[in-house]
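Chain identifiers are assigned alphabetically (A, B, ...) following the order of the sequence lines, protein sequences preceding nucleic acid strands; residue numbering begins at 1 within each chain.
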Amino acid sequence: MSTDAAEMPAFRYTAELATEIEERWQREWEERGTFHAPNPVGPLKGDVPADKLFVQDMFPYPSGAGLHVGHPLGFIGTDVFARFHRMTGRNVLHTMGFDAFGLPAEQYAVQTGRHPRETTEDNIRTYLRQIRRVGLGHDERRRISTIDPGYYKWTQWIFLQIFNSWFDEAAGKARPIAELEAEFAAGTRATPDGRPWSALGRAEREKVLGGYRLAYLSEAPVNWCPGLGTVLANEEVTPDGRSERGDFPVFRRSLRQWMMRITAYADRLIDDLDRLDWPEKVKAMQRNWIGRSHGARVRFACARPGAAEPATVEVFTTRPDTLFGATYLVLAPEHPLVDEITTPEQADAIAEYRRAVSRKSELDRQENKEKTGVFTGAHAVNPVDGREIPVYVADYVLMGYGTGAIMAVPGQDQRDWDFAKAFDLPVIRTVQPAEGFDGEAYTGTGPAINSGFLDGLDVAEAKKTITAWLEEHGHGEGTVQFKLRDWLFSRQRYWGEPFPVVYDEEGTPVPVPESMLPIELPDVDDYSPRTFDPDDANSEPSPPLSRAADWVEVELDLGDGPKKYRRETNTMPNWAGSCWYQLRYVDPTETERFVNAENERYWLGPRTTEHGPQDPGGVDLYIGGVEHAVLHLLYARFWQKVLFDLGHVSGDEPYRRLFNQGYIEAYAYRDDRGSYVPAEKVEERDGRFFFEGAEVRREYGKMGKSLKNVVTPDEMCARYGADTFRLYEMSMGPMDVSRPWATKDVVGAQRFLQRLWRNLVDEETGALRVTDETPGEDALRLLHKTIAGVRDDFAHLRYNTAGAKLIELNNFVTKHHPGGAPRALAEPLVLLLAPLCPHVAEELWAKLGHAESLAHGPFPAADERYLVEDVVEYPIQVNGKVKARVAVAASASPDEVRAVALADEKVVELLNGGEPRKVIVVPGRLVNVVL
RNA sequence: GCCCCCGUAGCCCAAUCGGUAGAGGCAGGCUCCUUAAAAGAGUCACAGUACGGGUUCGAAUCCCGUCGGGGGCACCA
């Protein structure tokens, strides 16, 4: 390829010219504060239109690896959307900050000896340089970072709000813990052991309150990951019992940790999904994770050796209607009643089984679906008919769900069927299977059989009837069960938010008053987390902060004189900072509060006139990958609801509309040794692939350094310019579809911009080539059709089709106006292009003689006159096949269209004098004649 | 194993309510421009919608089944 300067016209739109234009406009925008979005009040106060739009990208983690072309896909998508709406006159808030706490910085610190803050801040600078180059229109005054004390001060403050509240079941919402304390003090609510509140010491009181607080300390089995040196939330553990990050084994271990009572909000977290404009897929994943099931608890009396009184085994079932078919009970191996009810003859067998199960890893226990178990020797009484049924211990029943015990109904549950077959236990069908059913357990619907007073009732009626019966006779009650567990909120890490909590001499947690926030992260000699042999289940967590003795031991006056306290040495999980960042974007510099209430209401409050009476408020458009479906998105919703209940925010959901962008993927190639070869240097010949002459195998998937197939936005900007790169990414397909990267295709976007540039600018002189010619009727029709189409496409995130329409319009100009574009076409074309390719659009707009940036409009509006056609061409189908075309006035009535169609030569010929059986006229579309 | 999404030209993708299968890009052919090549301009071809049924005047679109790809859940009682 020749790039000889002598041959290249001086003002051709090349990568060099594009880069010059882009750097200049990026500077202009920054100096002019073009993307500053004013707030109603406070430091960022300005004139605010009532019509606003808050667009947000998912909080990026500033990785040291830098960006590849996949990362900016969503960022460009939000930028186009934001720029489009800004041009139509709306006040648009779009910015980007950093979720900067996290394990990678800490691990990197261990390798390099540099402080995580240093490396993280370096990474942020690199990241900002990279995204600036792409031309994202961010309000840079609103950049925040979770590691800034000015930010995490408020993360700690929110923690205190959560700590200082409880969930009032009767009201269905959170209330201040002080109101609960007042109820105990007044005696309107009894203490657990019935003693008056005044008789309880401070530690005792705190223990009672801890049972209610939304953030509480718990001594409970948690997911301990020695390889990472920390505990993990359930959401961070894969189904095969390993850490999502690092893929290390995770062990169950009992530890004293902070928990968030997210389960209190389970119902609201499920129910409010209905009010969100989110992808159904994400809603389904959240519903599934929360896992609400309606059923009943049923109590079975069970004899225990050497005791006069029987034990009570409580089970949870979603199918109380099948109670007559329960032929045995199963307890989880860890169930506390196992020891009490096991007969002496069975004791050894049970003990052996429990030992064997405890040695199995989570993975073994789940992978091996062969049913195993041991008979306890005990029998329980089925409350509905007095029948004695055997009680087993088996590991297919989990201690962690429901009551850790089930009633087994092999006739209607496949797992129970499998166990019953393995242990030769009886099966009683209690639902009449459908006609022709030849399976094993029948889980479908049908009338109840073999079920006494339930016989003949369908499943739903039977459930209702038996639940009422259980409640009336005291054998159980209807209940709702969730899979969701409370959120483990402690991490044994250095690089996270410190808890605003200290412990007194009795070990009782005491919140640090708001006036002492932020609790800053101290510098320590060794800030690496202590990790262990990944398989060492018995290792002890050791938070790095516990080694900062000077920081841990403090003397504070918390209202009753100076006393010695110990600081909490765990830190918060990575998710904390991202639970509320949209609120801080609104008011990044507010010092009195986490966000000013008026600003919060303006940007994030419900807007019922616009979005309907159920509108929960929140960010107007939130774009990110689907990988956060249950982690970040569930936690952020939970925090929002607590803040809402306490009156700190005006809406009860953080993100009104969510959109999941697809991923950019790439081909990778391996040689015959299985090593990856640089994808860039692979040649394709006849559908086969070669690297340095040797054939290589193609794979498809992620872009990554180790796969040697990374393409960076920096490279693309250098080779083509940012506008070309943006346009190509947006043209590749719909925003929500994953697709392969193809560097060779980028040139198509570049050629388009070159043609457009050439239509407006003389490549030799740089002078404007725009004429005052009045465009013809055809041109105006196409122009207004394009305006209407592009507007609609931008509003619905269909950037690929918007781009295609602009190319069409430009092609028309190229073809019909070789002497230069008429101004009446050139100006709207530039404006329509601006959201996608803002730099070149600004440059052309300026060349067209406009002193003001086009960032705030105008955006062209279509003239309806040019959208209605005078004459419509109707295809005439005969029996569904197109046989002819006729032109008919657009105002023609269906009968007139019918008449014209039937008069058509071809149709007359095919009719051959006969009458059509039927004629279908679709106004504006076609005519179908049925013979 | 269960649930969800997707299969349209060699490739990436359009077709918005069931109404003419093709907007745009890459790659390809031809023509013009050029000493030549590249770039550029113009122009052309290519699939009948993964497959098999069904509903309909009419199906890429709706329904059933099969195959292929992607994702979620996976003893949750």
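- The separation of A45(B) from A36(B), taken at their P atoms, amounts to 28 Å, rounded to a whole angstrom.
- Of the candidates G25(B), A23(B), G40(B), A23(B) carries the atom nearest the T801(A) side chain, counting heavy atoms from C-beta on.
- A ring-ring contact (aromatic ring centres under 6.0 Å, His included) with Y728(A) holds for exactly one of Y799(A), W741(A), Y720(A); it is W741(A).
- Separating the P atom of U31(B) from that of G71(B) is a span of 47 Å, rounded to the nearest Å.
- Proximity of R751(A) to the phosphate of C26(B): a side-chain N or O atom is located under 4.0 Å from OP1 or OP2.
- Between K805(A) and A23(B) there is no side-chain N or O to OP1 or OP2 distance below 4.0 Å.
- Each of A41(B), C57(B), A14(B) was ranked by its minimum atom distance to the side chain of T814(A); first place goes to A41(B).
- Annotation: C13(B) and G18(B) have their P atoms spaced 24 Å apart (nearest Å).
- OP1 and OP2 of G25(B) both lie 4.0 Å or more from every side-chain N or O belonging to N800(A).
- Comparing C26(B) with A9(B), their C1' atoms sit 13 Å apart, to the nearest whole Å.
- At a cut-off of 3.5 angstrom, counting only N and O atoms as typed in the model, there is a donor on one side and an acceptor on the other between the side-chain of N928(A) and the base of C57(B).
- In this structure, K371(A) is positioned above the aromatic face of Y396(A), its NZ or CZ under 6.0 Å from the six-membered ring centre and within 45° of the axis.
- The D745(A) side chain lies nearest to G25(B) when the options are U16(B), G25(B), G19(B).
- Taking 4.0 angstrom as the limit, K281(A) places none of its side-chain polar atoms (N or O) nearer than this to OP1 or OP2 of C3(B).
- U20(B) and C2(B) are spaced 38 Å apart, taking the P atom of each and rounding to whole Å.
- When distances are taken from the side chain of V737(A) to each of C13(B), U16(B), A23(B), the shortest belongs to C13(B).
- Between F659(A) and P279(A), the closest side-chain pair of non-hydrogen atoms is not below 4.5 Å.
- Using bins of under 30°, 30° to 60° and over 60° for the plane-to-plane angle, the ring pair Y667(A)/Y700(A) lands in the tilted bin.
- When the nucleotides U20(B), C75(B), C13(B) are ranked by their closest atom to the side chain of R739(A), C13(B) comes out on top.
- Taking only side-chain atoms of V397(A), from C-beta outward, the nucleotide of U16(B), G24(B), A77(B) with the closest atom is A77(B).
- Taking atom C1' in both C46(B) and A27(B), one finds a spacing of 12 Å when rounded to whole Å.
- As judged by a 4.0 angstrom heavy-atom cut-off over every strand, L926(A) is placed among the base-contacting residues.
- Nucleotides G53(B) and G72(B) place their P atoms 35 Å apart, quoted to the nearest Å.
- Taking the side chain of I920(A) as heavy atoms from C-beta on, and the options G19(B), A23(B), A77(B), the nearest nucleotide is G19(B).
- An OP1 or OP2 oxygen of A41(B) is reached within less than 4.0 angstrom by a side-chain nitrogen or oxygen of R755(A).
- For P734(A), the listed nucleotide lying nearest its side chain is A14(B); candidates were A77(B), G19(B), A14(B).
- Straight-line distance between the P atoms of C6(B) and A15(B): roughly 14 Å, to the nearest whole Å.
- Contact check for F419(A) versus Y328(A): side-chain heavy atoms found under the 4.5 Å cut-off.
- In this structure, M735(A) places its CE atom 13 Å from P of A14(B), rounding to the nearest Å.
- When distances are taken from the side chain of R12(A) to each of G19(B), C75(B), A39(B), the shortest belongs to A39(B).
- D793(A) has a carboxylate O that lies under 4.0 Å from a charged side-chain N of K805(A), or vice versa, which qualifies the two as a salt bridge.
- The side chain of R758(A) contributes an N or O atom lying less than 4.0 Å from OP1 or OP2 of A41(B).
- For C13(B), neither phosphate oxygen OP1 nor OP2 lies less than 4.0 angstrom from any side-chain nitrogen or oxygen of S731(A).
- Of all nucleotides listed (G19(B), A23(B), G25(B)), A23(B) comes nearest to the side chain of A804(A).
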